[in-house]
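Sequential numbering from 1 along the given sequence is applied to the chain's residues. When reading the values below, keep in mind they use all heavy atoms of this one structure, side chains included, and skip hydrogens, waters and symmetry mates.
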Amino acid sequence: MRLAAVMALLVLSGMATAQQAQSQRFHASFLPTSVPQGSLVIGLAAPDAIVEYDGRRLRVSADGTFAFGVGRDAKGPLSVKITDGNGDTVVNTIAVSARDWPVENINGVPPKTVDPPPEIAARIEREQAQVTAARVRDDDRDDYAQTFIWPLQGRISGRFGNQRVYNGTPKSPHSGMDIAAPTGTPIKAPAAGVVTFAAPDLYLTGGTLLIDHGHGVSSNFLHLSRIDVKVGDRVKQGQVIGKVGATGRATGPHLHWGMNWFDVRMDPLLVLEHGNSSTAAAK
């Protein structure tokens, strides 16, 4: 990511004024003072800085950018420890604003996907382990730092974090954002990245695709009727990667778009809003 883009991102997100960003450049770290639950946090430090958060040393790009995710149920203050090349250390604290999580009742789901028999439960566990393994990458790419675009146009039919009740049975909170659209609608990559997982028929999520954006940040796309890329492909922002479907546990055609920082789930809508989605929405 070029310096100008980094500085523009910091100014847009409120981490720094334009004058601060230009004058301080890499000599200070920039982080927000408060974030909502489910956020992707992007910061800036000296390229040789050591940045630590939640027991993990974060990857820092050559231009000083780094990223981490804030979970749905995170409580502040968060602590980010930054040590510069001289050994001087600053601990940044970030407040976390709580969000309301409504309950969503979803009926008409095939019963075996809500309370699966043992053999199906074992299959689900195997498949989810494969997806989890694809999220451990920590590539030295900062595709996550570009302005994300909408993968398709459509009504938001399910929001991140809401408690899900399937056929009257409470399940885990919704892990992404659902966008309703007809079967076969093309899906575009919201940001560049590398395909790390692609499977046409997982039991719960149907056609499933993961794109890694670097530094542990990834997107997942579920219930696809078709996948147009394969593992190892480098995809560009806006490239068609598949088509909308209703495969797996779904009551109708839609795209489920989820985002992770390693095992931390984040809200794609916040990422879009962070990057001024009103001008970046896919056409």
Subject >> Distance-only donor-acceptor check, side chains Ser97 and Ser34, under 3.5 Å >> reply: no

Subject >> Residue pair Ser219 / His213, side-chain donor-acceptor N/O under 3.5 Å >> reply: yes

Subject >> Atom CD of Glu119 with >12 non-hydrogen neighbours under 6.0 angstrom >> reply: yes

**OP:** Taking atom CZ of Arg72 as the centre, report whether more than 12 heavy atoms of other residues, nucleotides or ligands fall under 6.0 Å from it.
**Re:** yes

Original post:
Can Thr93 and Ser79 be said to form a side chain to side chain donor-acceptor pair (under 3.5 Å), step by step?
Top reply: CA-CA 5 Å; Thr93 57; Ser79 294; over 6 Å; no

Report the residues that fulfil side chain to side chain contact (heavy atoms under 4.5 Å, CB included) with [X], sequence neighbours left out, ordered by chain and then residue number.
X      : answer
Ser175 : His256, Arg265
Arg99  : Pro36, Gln37, Trp101, Phe160, Asp267, Leu270
Leu204 : Thr113, Ile124, Arg249
Asp88  : Asp84, Asn86

**OP:** Quick one: pull up CG in Asp138 and CG in Asp212 and give me the separation to the nearest 0.5 Å.
**Re:** 8.5 Å

Original post:
In terms of the angle between their ring planes, are Trp261 and Tyr53 parallel, tilted or perpendicular, with boundaries placed at 30° and 60°?
Top reply: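 The arrangement is tilted - the two ring planes meet at 30° to 60°.
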
**OP:** Would you please test Tyr144 and His215 for ring-ring contact (aromatic ring centres under 6.0 Å, His included) and show each step?
**Re:** CA-CA 8 Å; Tyr144 65 85; His215 292 211; 4.9 Å; yes

Is a donor on one side and an acceptor on the other found under 3.5 Å between the side chain of [X] and the backbone of [Y]?
X      : Y      : value
Thr132 : Gln128 : yes
Thr89  : Thr83  : no
Gln146 : Ala192 : yes

Would you mind writing out the side-chain donor-acceptor pairs for residues 227-236 within the sub-3.5 Å range, not counting sequence neighbours?
from   : atom 1 : to     : atom 2 : distance (Å)
Asp228 : OD1    : Arg226 : NE     : 2.7
Asp228 : OD1    : Arg226 : NH2    : 3.2
Asp228 : OD2    : Arg226 : NH2    : 3.2
Lys230 : NZ     : Asp233 : OD1    : 3.1
Asp233 : OD2    : Lys230 : N      : 3.0
Arg234 : NH1    : Asp143 : OD2    : 2.6
Arg234 : NH2    : Asp143 : OD1    : 3.1

Subject >> Pairs meeting criterion side-chain hydrogen bond (donor to acceptor under 3.5 Å, both in side chains) with involvement of residues 197-210, two or more places apart >> reply: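 side-chain hydrogen bond (donor to acceptor under 3.5 Å, both in side chains) check on residues 197-210 returns Thr205-Thr208.
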
Original post:
Given the rule that I, L, V, M, F, W and Y join up when any side-chain heavy atoms are under 4.5 Å apart, are Met177 and Val35 in one cluster?
Top reply: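 Same hydrophobic cluster.
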
